[in-house]
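Since the structure comes first, as structure tokens, the remarks are kept for the end.
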Protein chains: 2
Amino acid sequence: MEKKEEGMNEEQVWKELDEETLFIVSQTFKALSDPTRIRILHLLFDKEYSVNQIADQLELRQSTVSHQLRFLKNLRLVKFRRDGTTIYYSQDDEHVMTMLNQTIKHALHH
Amino acid sequence: MEKKEEGMNEEQVWKELDEETLFIVSQTFKALSDPTRIRILHLLFDKEYSVNQIADQLELRQSTVSHQLRFLKNLRLVKFRRDGTTIYYSQDDEHVMTMLNQTIKHALHH
DNA sequence: CTAATATATGAATATATAATCATATATATA
DNA sequence: TATATATATGATTATATATTCATATATTAG
């Protein structure tokens, strides 16, 4: 029951995940672990929405939506375009959206 | 910019996720959002490990591992079998393990 | 039964996170 | 320039979470 540190000279060689990979992976899943962010991404599945449209549809405060969009934007899960004073957000990570969709389908079958 | 509450009689009918689905989905991703749980699940990808083996391999306290295994067990992401005083844990959700693996691969390509 | 070992659990604590309010910034228009 | 509208941001607060220590429980061997 000894630890494997530098040696790695035992029956199994286990590649531990490096810290950066671990960080990216955990952040990605963290984005999908909050009900509010899930609802926002789910809404953005089909088309773009402005911040206020999202707030209206999901009955959330404007600042709540804005904060969460910043989070999603930092992870590049959403992108935006400006039209006058209005900013439209849309999805920007196919892999993540696919995972979300799959998991929702999975969950819907009880 | 009006809300859609009971009516849903406008251009787009948006099926909001029900609370239970939202809960299941968020919990599933929450399981994968913590570095320690990711490392444990990643370790369990190939084969079963006892609690102490996990703690040794990942240099974690026994109680930390035990607490996290309880979390994963409650979500049925891992299962266990007893052999004497030793309890061996192994993966128990193919869908989740596949998502984890995909996302790790994704992250490894920076 | 006693000792040894493996695992689980409860309480405490430090940290992270989400929502909110108030306000700042940015753009467009009169 | 002044006003209106859309969005972003900083500070605060309440809550959730992960880890740790100490200890409890469970199994086996002697």
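Chain letters run A, B, ... following the sequence lines, proteins first and then strands; every chain starts at 1.
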query = Sub-3.5 Å donor-acceptor pair from the side chain of A:Asp83 to the main-chain atoms of A:Thr86, do we have one?
reply = no
ask   = Can you find a side chain N or O atom of B:Gln68 that sits less than 4.0 Å from OP1 or OP2 on D:dT19?
value = yes
ask   = Now, which nucleotide makes the Watson-Crick or G-U wobble pair with D:dG30, with each of the two distances under 3.5 Å?
value = C:dC1
inquiry  = Donor-acceptor check, side chain of B:Gln53 to backbone of B:Ser50, threshold 3.5 angstrom: yes or no?
reply    = yes
inquiry  = For D:dA8 and A:Tyr89 - does any side-chain N or O of the residue sit under 4.0 Å from the phosphate oxygens OP1/OP2?
reply    = yes
ask   = B:Asp34 has a side chain; which of D:dA8, C:dA8, D:dT19 sits nearest to it?
value = D:dT19
message = How about NZ on A:Lys105, more than 12 heavy atoms from neighbouring residues, nucleotides or ligands closer than 6.0 Å, or not?
response = no
key: Row check, B:Tyr49 ring normal vs B:Lys47 NZ/CZ: under 6.0 Å, within 45°   = yes
task = Ignoring backbone atoms, establish whether A:Asn52 has a side-chain N or O less than 4.0 Å from OP1 or OP2 of D:dT5.
result = no
Euclidean distance, atom CD1 of residue A:Ile87 to atom P of C:dA28 [Å, nearest integer] = 11 Å
note = Among D:dT7, C:dT7, C:dA18, the one nearest any side-chain atom of A:Arg37 is C:dA18
key: B:Val51 side chain, from C-beta outward: closest of D:dA6, C:dA8, D:dA8   = C:dA8
Are there any protein N/O atoms within less than 3.5 Å of an N/O atom in nucleotides 21-26 of chain D, and if so, which ones and at what distance?
from   : atom 1 : to      : atom 2 : distance (Å)
D:dC21 : OP2    : B:Arg61 : NH1    : 2.6
D:dC21 : N4     : B:Ser63 : OG     : 3.2

